[in-house]
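Here is the structure we will look at, set down as structure tokens.
A note on names: the letters A, B, ... follow the listed sequences, proteins ahead of strands, and every chain is numbered from 1.
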Protein chains: 4
Amino acid sequence: MADPTKREKILAAAIEVFSESGIEKAKISDVVKRAGVAQGTFYLYFSSKQSLVPAIAEQLLEEQFAYIKQQITPETRFEDQIQSMVEATFTVTKRYKQVLALCYSGLAIGGLITWEKLYQPYYEWVDQLLAEAVNRGEIRSNIRQIRVTSKLLIGLMEEAAEQLYLFDDNDEQAEIYKQETIEFIKRALMK
Amino acid sequence: MADPTKREKILAAAIEVFSESGIEKAKISDVVKRAGVAQGTFYLYFSSKQSLVPAIAEQLLEEQFAYIKQQITPETRFEDQIQSMVEATFTVTKRYKQVLALCYSGLAIGGLITWEKLYQPYYEWVDQLLAEAVNRGEIRSNIRQIRVTSKLLIGLMEEAAEQLYLFDDNDEQAEIYKQETIEFIKRALMK
Amino acid sequence: MADPTKREKILAAAIEVFSESGIEKAKISDVVKRAGVAQGTFYLYFSSKQSLVPAIAEQLLEEQFAYIKQQITPETRFEDQIQSMVEATFTVTKRYKQVLALCYSGLAIGGLITWEKLYQPYYEWVDQLLAEAVNRGEIRSNIRQIRVTSKLLIGLMEEAAEQLYLFDDNDEQAEIYKQETIEFIKRALMK
Amino acid sequence: MADPTKREKILAAAIEVFSESGIEKAKISDVVKRAGVAQGTFYLYFSSKQSLVPAIAEQLLEEQFAYIKQQITPETRFEDQIQSMVEATFTVTKRYKQVLALCYSGLAIGGLITWEKLYQPYYEWVDQLLAEAVNRGEIRSNIRQIRVTSKLLIGLMEEAAEQLYLFDDNDEQAEIYKQETIEFIKRALMK
DNA sequence: AATGAATGAGCTTTCATTCAT
DNA sequence: AATGAATGAAAGCTCATTCAT
């Protein structure tokens with residue numbers, strides 16, 4: 001970690017280039033050009049083109065998670081928390097839609113375990129949110145395994161946002177998607 | 001469609017090779033070798049390597065959709081239909097887990113529209129299922145837009161199955177995942 | 001061996017290029033340019049740049065051995081045979097001096113066994129020559145192991161020729177080198 | 001020669017690395033790592049990677065020559081001297097077999113003259129040995145040019161040792177190789 | 001329709017060398 | 001004298017695609 005700046009420059013450039021060209025078409029030569037470093041410098045910080053993908057995914061998920069956490073107030077009602085989470089998920093998905101698809105595809109190729117590991121803190125955080133809501137009596141208590149529900153919850157929100165922004169790419173429908181998702185979740189979980 | 005047999009051989013070989021090697025590493029030369037045709041023959045049936053992906057996806061989705069449709073009886077209660085759909089989705093996902101991730105990634109790169117189009121009949125079919133259930137008074141009638149709900153429904157089931165088979169890859173947990181998914185959906189939609 | 005012509009073209013070009021540039025500096029791109037084939041074609045006939053070296057060595061040794069064999073009459077006296085062999089060795093070494101050094105160095109890197117294998121027929125042929133001369137009573141019969149003597153004999157002739165053409169590169173001294181070598185061998189072996 | 005210690009460390013490391021990896025594969029970065037100096041330090045003592053080869057060769061030949069000289073007593077009979085020289089040559093070749101092939105190949109590429117120059121003192125020393133033996137009437141006096149005979153003599157001994165240790169690599173045959181070589185030389189030169 | 005040898009653009013990666021500190 | 005991060009040219013090799021047969 002001699003010079004964090006340089007690694008970061010490369011990573012940032014890589015996110016841009018990968019977004020624009022897709023992972024297959026992206027050339028390291030473009031990445032380094034945009035990062036303003038020499039070709040060889042790339043290999044001081046990353047072992048290969050492939051090894052960029054987890055690094056990008058990590059950064060993205062971290063930003064994403066940080067943003068969502070920051071939007072949620074722990075003390076509020078679960079109902080409001082859901083609304084905030086959905087809003088946050090849609091916001092973040094919109095911002096990173098290109099790269100998210102990319103990461104998904106990049107990791108699908110060989111790094112499913114990595115992906116799972118990166119989501120771990122997010123899962124744990126939602127686990128806790130759910131557990132507290134159960135304790136407060138806000139949501140049903142017949143959940144067999146909280147982790148599974150957390151995954152369904154997160155999966156559903158992301159699925160909805162991806163449907164909207166990746167496939168429909170229709171911002172006018174945003175409200176409908178969000179409301180339907182919130183309603184879906186609230187009914188599925190709340191008493 | 002002069003010689004359906006040859007096209008099908010290539011497609012089947014491609015599904016195998018793509019599953020084994022991933023989309024990037026897969027070589028046309030391996031596909032044709034396994035299909036038992038010459039290198040050039042490939043280009044009589046497909047315009048490029050890329051063009052294989054939608055073709056694979058199409059075939060897979062068709063099989064998948066056919067299987068699910070066949071499992072569902074139109075006259076039964078929505079509750080039973082959900083159960084059957086979840087079962088079917090898990091079954092199909094398990095069978096094609098490798099290739100599904102692949103297709104997802106392959107299409108994510110450049111063909112999101114295609115993907116959407118391929119899902120069209122599936123969406124329509126679920127739309128109708130939901131509409132009938134609304135008519136029968138089995139599920140809530142405050143659904144703003146049926147298509148959005150269909151997407152959420154399908155997305156949730158696939159998400160759950162993928163979580164189970166792609167990430168956890170833990171067949172013992174299957175029952176828990178299924179039950180939780182069914183419970184989730186029933187509560188979300190039924191009166 | 002679909003098209004021997006193309007492989008041969010590449011091999012011939014490689015011998016030229018390798019002679020001019022040395023093995024390290026030689027570029028495959030130059031080889032194919034001179035051979036008049038595409039870059040990729042090279043890899044249809046050779047698996048790598050490295051794999052050219054044994055192929056070149058093989059061809060060279062074959063030519064060399066063929067030439068030497070053709071110069072020697074089996075029925076003549078051993079004394080005359082030695083003279084012819086030395087002459088032939090010097091002739092051939094002179095002709096291929098560039099590439100011989102090259103092969104020697106190229107094989108020294110990783111393929112000593114190959115080198116030994118390529119010499120096998122030459123060794124056997126000299127073995128026989130010596131055996132016959134022993135039978136005819138022309139050379140001393142206290143040779144412990146004919147193969148060792150064959151190797152010494154061949155090694156000495158090549159060493160002498162290489163000294164002359166690679167290091168001294170002085171054609172005026174040729175006669176002296178040859179005469180001394182012949183004298184050396186005759187005394188060493190003949191009764 | 002500001003800091004002989006550092007130069008020597010690099011040289012010693014280079015001999016090791018070159019022996020293990022061969023000259024092409026050997027990396028300066030490995031050499032400096034093993035020498036325990038920084039990458040840039042290398043270029044304070046050597047102008048390039050290529051320039052290492054003559055330096056290595058020089059050191060090796062010096063050691064080799066020193067060892068051989070030390071084994072030979074000037075006053076003894078030529079017959080005994082030959083025996084000692086052959087023994088010494090085999091010993092040294094065995095010890096340095098890896099690096100010798102390497103040097104040979106390394107110099108073959110571009111530095112034949114260097115190689116010749118490095119051998120100069122060895123040639124001169126053998127010249128003198130032979131001259132003295134002629135004077136003492138131990139070997140035949142019809143040698144046309146002593147230098148040529150010295151080269152043949154040295155070449156033959158090294159050739160034999162290399163055959164044994166580089167190609168056969170069969171220590172059991174050592175005695176046969178040595179005896180045959182000694183016999184060969186004695187007959188070739190002695191009255 | 002079928003073949004498969006030939007193509008060649010273009011990629012990643014390596015590593016000797018430099019130079020600011 | 002010493003460092004080691006940074007450089008960037010250079011090359012081996014791959015593989016989707018073409019085309020003469």
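Salt bridge absent: C:Glu58 and C:Lys117 never bring a charged side-chain N and a carboxylate O closer than 4.0 Å.
Checking side-chain atoms of D:Lys9 against main-chain N and O of D:Val37 turns up no donor-acceptor pair under 3.5 Å. C:Ser21 contributes no side-chain N or O that, together with a main-chain N or O of C:Phe18, makes up a donor-acceptor pair within less than 3.5 Å.
Taking only side-chain nitrogens and oxygens, B:Lys6 comes nearer than 4.0 Å to OP1 or OP2 of E:dA2. Between F:dA6 and A:Tyr45, a contact under 4.0 Å exists linking OP1 or OP2 to a side-chain N or O. Under 4.0 angstrom from either OP1 or OP2 of E:dT17 there lies no side-chain N or O belonging to D:Lys49. Phosphate proximity of F:dT3 to D:Thr41: present, with a side-chain N or O under 4.0 Å from OP1 or OP2.
Using the Watson-Crick or G-U wobble rule with both distances under 3.5 Å, E:dT14 pairs with F:dA9. Using the Watson-Crick or G-U wobble rule with both distances under 3.5 Å, F:dT21 pairs with E:dA2.
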Would you please test B:Leu61 and B:Tyr96 for side chain to side chain contact (heavy atoms under 4.5 Å, CB included) and show each step? CA-CA 10 Å; B:Leu61 283 186; B:Tyr96 294 125; over 6 Å; no
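Residue-to-nucleotide proximity on DNA chain F shows that, of B:Ser29 and C:Phe42, the 5′-proximal contact is made by C:Phe42. Residue A:Ser48 is the one, among A:Ser48 and D:Ile28, whose nearest nucleotide of DNA chain E lies closer to the 5' end (criterion: closest heavy atom). Each of C:Ser47 and B:Gly40 was assigned the nucleotide of DNA chain F with the nearest heavy atom; the assignment lying further toward the 5' end belongs to C:Ser47.
In terms of polar N and O atoms assigned as donor or acceptor, the side chain of A:Gln39 never comes within less than 3.5 Å of the base of E:dT12 in a complementary pairing.
Of the candidate nucleotides F:dC13, E:dT13, E:dT3, E:dT3 has the atom lying nearest to any side-chain atom of B:Ala38. Among the nucleotides F:dT3, E:dT18, E:dT7, the one closest to any side-chain atom of C:Val37 is E:dT7.
E:dA1 atom P lies 17 Å from atom OH of B:Tyr43, rounded to whole Å. Between the CZ atom of A:Arg7 and the P atom of F:dA6 there is a distance of 13 Å, rounded to whole Å. One atom, CG of D:Asp30, and another, C1' of E:dT14, lie 12 Å apart when rounded to the nearest Å. As rounded to whole Å, 12 Å separates atom C1' of F:dT7 from atom CD1 of A:Ile10. Remark: C1' of E:dT12 and NZ of B:Lys25 are 13 Å apart, rounded to the nearest angstrom. Atom P of nucleotide F:dA2 and atom CZ of D:Phe46 are separated by 13 Å, given to the nearest angstrom. We find that CZ of B:Phe18 is positioned 13 Å from P of F:dC15, with the value rounded to whole Å. If you measure from atom NZ of C:Lys33 to atom P of E:dT7, you get 15 Å, rounded to the nearest angstrom.
Using a 4.0 Å heavy-atom cutoff across all strands shown, C:Leu44 reaches at least one base atom of the nucleic acid.
The side-chain heavy atoms of B:Ile15 and B:Gln59, taken from C-beta on, include a pair separated by under 4.5 Å.
Closest heavy-atom contact between C:Ile10 and C:Thr41: CD1-O, 4.3 Å.
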